[in-house]
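A, B, ... follow the sequence lines: proteins, then strands. Residue 1 opens every chain. In this text the structure is predicted, and so the values were computed from the model without any measurement. All heavy atoms count here, side chains included; hydrogens, waters and symmetry mates do not.
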Protein chains: 2
Amino acid sequence: MSADPAPGTPVRAPRGRRAAGVRRPVYDATSLLAVAVGEFNARGYDATSMEDLSRAAGITKSSFYHHVSGKEDLLRAALQRALDGLFAILDERHATVGRPVDRLRYIVRRQVEVLQAELPYVTLLLRLRGNTHTERWALDRRRAFDGVVGDLVREAVDAGQMRADVDPAVAARLLSGTVNSIAEWYRPDRPDGRAQERTALPEDVVRAVFEGFLPRE
Amino acid sequence: MSADPAPGTPVRAPRGRRAAGVRRPVYDATSLLAVAVGEFNARGYDATSMEDLSRAAGITKSSFYHHVSGKEDLLRAALQRALDGLFAILDERHATVGRPVDRLRYIVRRQVEVLQAELPYVTLLLRLRGNTHTERWALDRRRAFDGVVGDLVREAVDAGQMRADVDPAVAARLLSGTVNSIAEWYRPDRPDGRAQERTALPEDVVRAVFEGFLPRE
DNA sequence: GTCTATAATCAGATAGAC
DNA sequence: GTCTATCTGATTATAGAC
């Protein structure tokens with residue numbers, strides 16, 4: 001911030017001064033990624049321009065480019081984070097040992113938890129259309145994850161631990177679809193006193209999916 | 001490419017000749033809508049240009065504009081069709097009389113059937129972000145539909161016809177999410193002999209959602 | 001009804017001053 | 001690190017010939 005403009009300089013407010021009390025955060029690549037992902041999710045990746053992103057960050061497009069290398073790299077970084085979170089589940093102990101149906105139950109619960117914890121990043125992942133190389137890479141990785149879950153469903157059905165009168169392939173799709181659909185409505189920041197809903201949701205999903213919505217008898 | 005126009009074919013200038021045997025269909029607004037919706041779903045609405053649409057139809061952009069008034073009007077027409085299909089369900093007899101849980105079961109089954117029958121149009125509806133006035137209008141209508149279903153879930157829970165240990169609001173979201181997620185994988189044109197899957201799917205969904213994936217005892 | 005040509009605008013990205 | 005100014009190409013849409 002320059003102290004005073006030279007005489008004759010158009011009297012502009014000192015560059016970068018903001019409304020009283022509104023301090024611009026000090027950005028780095030990570031915090032700008034968070035801003036960008038928020039915008040991507042609000043408008044859709046393709047409908048969001050670099051201008052939109054920089055405006056959301058409170059700087060110009062050029063300044064934004066000083067921090068990030070481009071729109072698609074932002075996307076890649078966000079999708080990497082989502083995929084890392086999901087694949088980490090598959091390495092956890094309860095996902096690798098035990099009856100297939102119990103491993104499946106565990107993975108579903110953890111999938112909901114990761115979705116809650118990394119909501120914007122997972123949301124972005126779930127909305128990909130596959131237009132660019134980056135999107136197709138992420139879709140492939142996501143399909144690989146679903147493939148592991150799908151195999152587990154088949155195992156559980158074969159072992160008689162899940163109902164056999166629904167095609168295992170269809171069951172796996174419905175299972176993934178149910179979990180993923182949460183990204184379309186779950187919002188962690190409830191202003192009212194519903195904070196505990198967060199911890200209840202994974203168990204609610206597991207119950208609903210495995211036991212159904214009809215009352216226990 | 002093509003040697004001669006077939007007899008009776010209007011003799012058009014050589015421009016726009018097509019590969020041998022590839023006859024361009026006679027387009028009207030409806031058939032171009034079908035083409036457009038297919039492209040919208042493949043790439044996303046925002047990522048699809050009018051150039052993409054006209055190329056998919058086999059005519060130039062200008063010719064395409066001769067038939068349709070613009071990109072957003074195509075979207076509106078498609079969404080109208082999807083919404084009409086869904087709202088029609090709510091007027092059917094089994095959706096209006098009987099126990100709440102039975103009406104709900106019926107609506108879910110019919111929702112899957114409409115999704116199958118109007119797949120591209122419903123798919124487009126389910127992917128809206130709300131960027132334009134048209135999109136927000138459709139989202140509002142869609143929320144109204146979900147609201148009716150949500151009220152019915154609450155009624156069923158209050159009547160003891162659905163389990164009460166899952167928040168009715170969450171149950172309604174999961175229910176809608178499960179049904180809607182079908183649009184992301186169901187494809188009516190299976191080349192193999194799986195044609196009957198179409199009639200099985202609605203019942204599979206109803207069973208899975210209401211009874212769960214665990215085996216019957 | 002289809003075409004070529006083009007207008008008007010906006011996109012992602014960069015140069016270079018400060 | 002941020003800015004103004006600009007480049008290049010794509011986008012929606014139209015004009016007007018055939």
Side-chain angles (χ1 to χ4, degrees), chain A residues 1-18 22-32 35-36 39-40 43-76 131-135, chain B residues 1-2 5 8-18 22-32 35-36 39-40 43-76 131-135:
Chain A
M1 313 293 176
S2 53
D4 25 356
T9 303
V11 182
R12 278 167 55 262
R15 303 164 184 277
R17 193 174 275 178
R18 323 191 69 72
V22 178
R23 194 82 54 82
R24 181 169 59 228
V26 177
Y27 286 123
D28 57 13
T30 305
S31 57
L32 284 180
V35 170
E39 297 296 301
F40 289 158
R43 260 172 292 209
Y45 175 73
D46 288 296
T48 305
S49 69
M50 293 300 277
E51 180 79 40
D52 293 328
L53 298 185
S54 58
R55 195 182 313 114
I59 56 182
T60 63
K61 206 165 36 151
S62 298
S63 301
F64 196 86
Y65 268 106
H66 179 78
H67 296 282
V68 305
S69 54
K71 194 178 169 183
E72 191 158 3
D73 268 350
L74 282 167
L75 182 64
R76 168 162 33 240
N131 292 330
T132 66
H133 177 263
T134 296
E135 294 186 45
Chain B
M1 295 299 179
S2 64
T9 303
V11 179
R12 280 168 52 264
R15 313 176 177 280
R17 264 218 197 139
R18 322 190 69 71
V22 177
R23 193 83 56 82
R24 181 170 57 229
V26 176
Y27 285 123
D28 56 14
T30 305
S31 57
L32 285 181
V35 170
E39 297 295 302
F40 288 158
R43 258 170 296 207
Y45 175 73
D46 289 295
T48 305
S49 70
M50 293 299 277
E51 179 79 41
D52 292 329
L53 298 185
S54 58
R55 195 183 311 115
I59 57 182
T60 63
K61 206 165 39 151
S62 297
S63 302
F64 197 86
Y65 268 105
H66 178 79
H67 296 282
V68 305
S69 53
K71 194 177 169 183
E72 190 158 2
D73 269 349
L74 283 167
L75 182 63
R76 168 161 35 240
N131 293 330
T132 67
H133 178 262
T134 297
E135 294 185 45

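- Applying the side chain to side chain contact (heavy atoms under 4.5 Å, CB included) criterion to A/F64, with sequence neighbours excluded, gives A/L32, A/M50, A/L53, A/S54, A/A57, A/I59, A/V68, A/L74.
- A search for side chain to side chain donor-acceptor pair (under 3.5 Å) contacts involving B/E51 returns nothing, not counting sequence neighbours.
- Applying the side chain to side chain donor-acceptor pair (under 3.5 Å) test to A/S62 and every residue at least two apart in sequence or in another chain returns nothing.
- Partners of B/A29 under the side chain to side chain contact (heavy atoms under 4.5 Å, CB included) rule, at least two apart in sequence or in another chain, do not exist in this structure.
- Closest contact between the side chain of A/I59 and the listed nucleotides C/dG1, C/dG12, D/dC3 involves D/dC3.
- Straight-line distance from the CZ atom of A/F64 to the C1' atom of C/dT14: 16 Å, rounded to whole Å.
- Between A/D73 atom CG and C/dA13 atom C1' the separation is 13 Å, expressed in whole Å.
- Contact between the side-chain N/O atoms of A/T60 and the OP1/OP2 oxygens of D/dC3 is found at a separation under 4.0 Å.
- The phosphate of D/dG1 has neither OP1 nor OP2 within less than 4.0 Å of any side-chain N or O from A/S63.
- Taking atom CD on A/E72 and atom C1' on C/dA13, their separation rounds to 14 Å, with Å as the unit.
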* Structure fact -> The contact string for nucleotides 5-11 of chain C, one letter per nucleotide 5' to 3', using protein heavy atoms under 4.0 Å with B, S and - for base, sugar-phosphate only and none, comes out as B-----S
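- Atom-to-atom, CG of A/L53 to P of C/dA13 comes out at 11 Å; the value is rounded to the nearest Å.
- Side-chain atoms of B/K71 come within 3.5 Å of backbone N or O of B/T48 as a donor-acceptor pair.
- Residues satisfying the side chain to side chain contact (heavy atoms under 4.5 Å, CB included) criterion with B/S69, sequence neighbours excluded, are B/D73.
- Residue B/H66 places no side-chain N or O under 4.0 Å from the OP1 or OP2 atom of C/dC3.
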